[in-house]
Participant: 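One structure, as structure tokens, below. Some questions next.
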Amino acid sequence: MTINTLAKGGWHRDQMACFRKMEKVIVAMQDPDMGMKMRNQRLLITVIPHAMTGRDVINWLMQKYNMCEEEALHLGGMLVRYGYIYPLKEPRSLVLRADESPYRFQTPYFWTSTRWPATELDYAIYLAKKNIRKQGELMEYEKERYSVLHKRINHTWDFVVMQAREQLRASKQRRKADRIVLECQEQAYWLINRPPPGAYNILDMGLERPNNFSTRVTLNSDYYKREIEFCRRALGRNRVKSSICLEGFVKYSEQYLSHDPIMQGCLPSNPWISDDTAHWTMNTEVVPIPSRLRVERWSFSFMELLNDAMGRREFMTYLEKEFSAENLCFWQACEDIRHGENSRIVEKVEEVYKNFLAPGAARWVNIDSKTMDKTLKGIQHPHRFVMDDAQMHIYFLMKKDSFPRYLKSDLYKNMLAKAIVPQEVKKSVFPFMRRQRHSSPSPAQAVAQASEEEGRA
Amino acid sequence: MACQGLQKGETLASLKTESDGLKKKLEVERGKLNDVELHQVAEKTEVLGALSIKTRRVLKGHGAKVLCMDWCKDKRRLVSSSQDGKVIVWDAFTLNKMLTSSGDGTCALWDVESGQLLQSFHGHTADVLSLDLAPSETGNTFVSGGCDRKANVWDMRSGQNIQSFESHESDINCVKYYPSGDAFASASDDATCRFYDLRADREVAVYQKDSIVFGASTVDFSLSGRLLFAGYNDYTINAWDVLKGNRVSILFGHENRVSRVKLSPDGTAICSASWDNTLRIWA
């Protein structure tokens, strides 16, 4: 693994947010009143003060954040992975164990965020110290890195060795317990900032984001004038009262609740849970008889009807009876232009003009004169959005007029009446093995509950 | 864009003052119609019961971080791309890999996509990390989020920045429209997700907890828009009640950052992609 010297600025911002938050948790954990109770921990023959068990950490998190054990173990585990808490036994394994394993808080001096980024020089001094202490018995990967560093920063090597010797001398004068603690702290820091090869690199931040606000944007008069212009336009905007908008969201979720498989399950069963693909078979794009939920959904909005291939086909049939099918055909042709290949736009626009807009066209659509004039003018220089105004006009015409009448028509009502409501499938492989059918109570259950309530009321 | 220069009587300082003043005025205007909070309106809705969402499939096959995925219209196939340079099309139901191809690194794909789409959209002052197209009748707008902490709504045809929201405290990693198109959600490195109402023109909810410490990288709504699934850098997915604002469920399973969550086209499952080289299907 190459020794990383991360660019300045780039990752500083990204990292700081979650580090600051973790540090808040850590500080709270050490609060004299509300924090954790720590005790001395015996490590072989030495007594290490201010230690706690993994179980202590989990219990404290569960209590403080009112969370379940799984989540507490997870959050505590992250604190260990990022080096805020380190294990005293098995120090190379940075995991939180939910038992009596002893842990300690890392000193802020060795927080990753404090000494960011970890420097080559510091790492060299650390390895040099270890090398001297262990008389050359470093781990293989440490030996490799040591020699790479030795080559790379050879010019400061005297300084490195001198520092290493000095730090070792100072530490010999400490009590044994303090010395062990310091060694553990330092080791934990380097396990994170220079992970062994193959080990998980917690500080991997992925793709870089060279965001330097100040260099990207010059705060000149142009910038401020644009901001001012934007604000002026925004101030003139029509806003809607919150009570109205927010009510809209409540209504929308209520309306779609029974259509949301994750919320209410789906019939006959959710294929991902039951391994039965019947639900998909029954709901392919074109089926002989659609499901009731599907046909109901066509009535939610004009867009829902048009978004469903079967719905669109049914609507077309209806319009044909009303002799206004050209509207839907026109709309579809315009969609094709908007979403189609660049290379065919000109040809398609010509087709649309010929079929729908030209005087005496076979399927002439009724557009107001203003829109027609604008469109005809635009056609002379065709582009992807040239039909937008005309398309919108016809869309809203259908929405306001034909759509509501379609919903009241026999065609729709019959479709709804003969639509399928699939039976909930409760097949079990073995009698004693009940598989979970739904993420939430099944729709069949919900109906049963509702009628129960009705009975009671 | 050519520099207009200062007019008579203007200084850079006076322009800055005017700009700041207008921004404050805009915030006041936005606040005027704020007569009720979302969770208050949601009080009459039922409390959501515990969801039992579990991993139903694990898709293994990538050799490195999975950065991006999307579902195919047939509701069971999906395509994923990874830092290993491969794009794989899976039948997620049977776990079969249908197609694999080596191609450009994901980094390049991703950049080219956003770069191309946004060439003529001026308004973000830093990298744009995500965009989403509006599911509206007129279908001409999209929302983008980026490293400048702003979420911007754009008109595709005119290139104009229609609305802008700046309430996150850090990079916005992902933006996604609410199914009706009247709102959108964002996920940010500040460990929160937020909900913005386009008609009210303001942020209406913040999804956060003291115990959620790591950035949110991705969001998607359930079909009814009642649930918001968010993937985080602490390897978890949190499911939020969009209306009431509380967290309903936490999904464990991934062993590294979650880079993308996406609802299947028929709403039956959520797919998550992760830096642990796998994808998971949850239902």
Side-chain angles (χ1 to χ4, degrees), chain A residues 14 17-18 21-22 25 65 67 70-71 74-75 78 206-207 209 211 213 216-217 220-222 224-225 227-228 230-232 234-235 237 239-243 245-250 252-253 256-257 259-263 266 270-273 277 279-280 283 303 385 392 395 436 439-441, chain B residues 1 3-6 12 15-16 18-19 22-23 25-26 29 33-36 38 41-42 45 49 51-53 56 75 93 107 125-127 137 147-148 157 161 170 180 182 189-191 197 199-201 204 210-211 213-215 222-227 234 243 250 252 267-269 281 283:
Chain A
D14 181 337
C18 59
K21 290 190 166 106
M22 278 191 279
V25 176
Y65 294 106
M67 52 169 60
E70 195 179 10
E71 201 180 345
H74 182 83
L75 179 57
M78 295 307 275
L207 301 169
R209 293 177 192 177
N211 159 36
F213 185 92
R216 193 70 169 247
V217 165
N220 58 9
S221 63
D222 265 359
Y224 286 120
K225 284 193 176 173
E227 293 286 295
I228 289 167
F230 176 81
C231 283
R232 288 227 176 93
L235 279 165
R237 189 192 175 78
R239 285 178 193 81
V240 182
K241 248 194 324 187
S242 287
S243 44
C245 306
L246 302 179
E247 193 59 44
F249 298 129
V250 173
Y252 189 93
S253 352
Y256 281 85
L257 185 64
H259 296 253
D260 188 337
I262 291 179
M263 296 282 301
C266 60
N270 186 324
W272 298 106
I273 300 175
T277 58
H279 176 76
W280 287 332
N283 287 290
M303 237 190 22
F385 302 113
M392 266 305 105
Y395 177 88
Q436 178 101 42
S439 311
S440 294
Chain B
M1 188 170 157
C3 189
Q4 287 173 12
L6 299 164
L12 207 57
L15 283 177
K16 183 174 190 314
E18 192 182 348
S19 170
L22 281 174
K23 280 196 180 132
K25 206 170 163 201
L26 183 57
E29 277 306 305
L33 293 174
N34 179 9
D35 56 344
V36 70
L38 181 55
V41 172
T45 49
L51 296 174
S52 65
I53 299 179
R56 305 291 172 179
K75 308 159 194 171
F93 193 68
C107 190
T125 48
D127 293 355
E137 291 177 309
C147 290
D148 58 359
R157 295 170 307 172
N161 177 1
S170 195
S180 73
D182 291 327
D189 275 344
D190 67 7
D197 184 326
R199 293 182 302 169
D201 190 29
V204 294
D210 281 344
S211 55
V213 148
F214 288 84
S222 73
L223 194 139
S224 64
R226 181 67 193 267
L227 291 173
D234 69 354
L243 303 178
I250 179 168
F252 296 102
T268 48
I281 311 287

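Order of the sequence lines fixes the chain letters, A, B, ..., with proteins taken first and strands second; residue numbering starts at 1 for each chain. No experiment lies behind these values; they were computed from the predicted model shown.
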Participant: Which of the residues A/Y65, A/F385, A/Y252 is involved in the greatest number of heavy-atom pairs with chain B at under 4.5 angstrom?
Facilitator: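 Going by pairs under 4.5 Å, I would pick A/Y252.
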
Participant: To the nearest 0.5 Å, tell me how far B/L51 CG sits from A/I262 CD1.
Facilitator: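 CD1 of A/I262 is found 8.5 Å from CG of B/L51.
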
Participant: Might you point out which heavy atoms bring A/H74 and B/D234 nearest each other, and give the distance in Å?
Facilitator: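 For A/H74 versus B/D234, the nearest heavy atoms are NE2-O, 2.7 Å.
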
Participant: Around atom NZ of A/K21, are there more than 12 heavy atoms from other residues, nucleotides or ligands closer than 6.0 Å?
Facilitator: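 Counting neighbours around NZ of A/K21, more than 12 heavy atoms of other residues, nucleotides or ligands fall under 6.0 Å, so yes.
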
Participant: OH of A/Y256 to OG of B/S222: how many Å apart, nearest 0.5 Å?
Facilitator: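 A/Y256 atom OH to B/S222 atom OG measures 12.5 Å (nearest 0.5 Å).
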
Participant: With chain B, which of A/R237, A/H279, A/H259 has the greatest number of heavy-atom pairs at distances under 4.5 Å?
Facilitator: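 Greatest number of close heavy-atom pairs with chain B: A/R237.
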
Participant: Show your working on side-chain contact (heavy atoms from CB on, under 4.5 Å) between A/S221 and B/L12 and close with a plain yes or no.
Facilitator: CA-CA 6 Å; A/S221 63; B/L12 207 57; 4.1 Å; yes

Participant: Rounded to the nearest 0.5 Å, what separates atom CG in A/L246 from atom CG in B/D182?
Facilitator: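 Separation between the atoms: 11.0 Å.
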
Participant: Do A/C266 and B/T268 have side chains that approach each other closer than 4.5 Å (heavy atoms only, starting at C-beta)?
Facilitator: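 In short, these two side chains touch, coming nearer than 4.5 Å.
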
Participant: For the interface with chain A, which of B/D197, B/T45, B/L38 has the highest count of heavy-atom pairs at distances below 4.5 Å?
Facilitator: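 Among B/D197, B/T45, B/L38, the one with the most close pairs to chain A is B/D197.
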
Participant: Give, as side chain, backbone, both or neither, the part of B/I281 having an atom under 4.5 angstrom from any heavy atom of chain A.
Facilitator: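 Just the side chain, heavy atoms under 4.5 Å.
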
Participant: So which heavy atom on B/S19 is nearest to which on A/E227, and how close?
Facilitator: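 For B/S19 versus A/E227, the nearest heavy atoms are OG-CB, 3.5 Å.
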
Participant: If you measure from CG on A/D260 to CZ on B/R226, what distance do you get to the nearest 0.5 Å?
Facilitator: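 Output value for this atom pair is 10.5 Å.
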
Participant: Looking only at heavy atoms, what is the nearest atom pair of A/M263 and B/S224, with distance?
Facilitator: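 Looks like CG-OG, 4.1 Å.
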
Participant: With heavy-atom distances below 4.5 Å as the criterion, would you say the side chains of B/F214 and A/M22 are in contact?
Facilitator: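 The answer is yes; the side chains approach within 4.5 Å.
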
Participant: What closest approach, in Å, do B/V36 and A/S243 show between heavy atoms, and which atom pair accounts for it?
Facilitator: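 Closest pair (atom of B/V36, atom of A/S243, distance): CG1-CA, 3.5 Å.
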
Participant: Could you check which of B/I250, B/V213, B/D190 has the highest count of heavy-atom pairs closer than 4.5 Å to chain A?
Facilitator: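 Of B/I250, B/V213, B/D190, B/V213 has the most heavy-atom pairs under 4.5 Å with chain A.
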
Participant: If I compare all heavy atoms of B/K75 with all of A/W272, which pair ends up nearest, and what's the gap?
Facilitator: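 Heavy-atom minimum between the residues: O-CZ2, 3.8 Å.
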
Participant: Please classify the contact of B/L26 with chain A as side chain, backbone, both or neither, using a heavy-atom distance under 4.5 Å.
Facilitator: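 Both backbone and side chain.
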
Participant: Using a 4.5 angstrom heavy-atom cutoff, name the option from B/A42, B/A269, B/G215, B/G225 with the most pairs to chain A.
Facilitator: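 Among B/A42, B/A269, B/G215, B/G225, the one with the most close pairs to chain A is B/A269.
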
Participant: Could you pull out the closest heavy-atom pair between A/N270 and B/A283, with the gap in Å?
Facilitator: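 Answer, listing the atom of A/N270 first, then B/A283: ND2-CB, 4.0 Å.
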
Participant: Quick check on A/L75 against chain B: is it the side chain, the backbone, both or neither that has a heavy atom closer than 4.5 Å?
Facilitator: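 Contact with chain B: side chain only.
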
Participant: From B/K16 NZ over to A/N220 CG, what is the distance, rounded to the nearest 0.5 angstrom?
Facilitator: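 Atom-to-atom, B/K16:NZ and A/N220:CG are 13.5 Å apart.
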
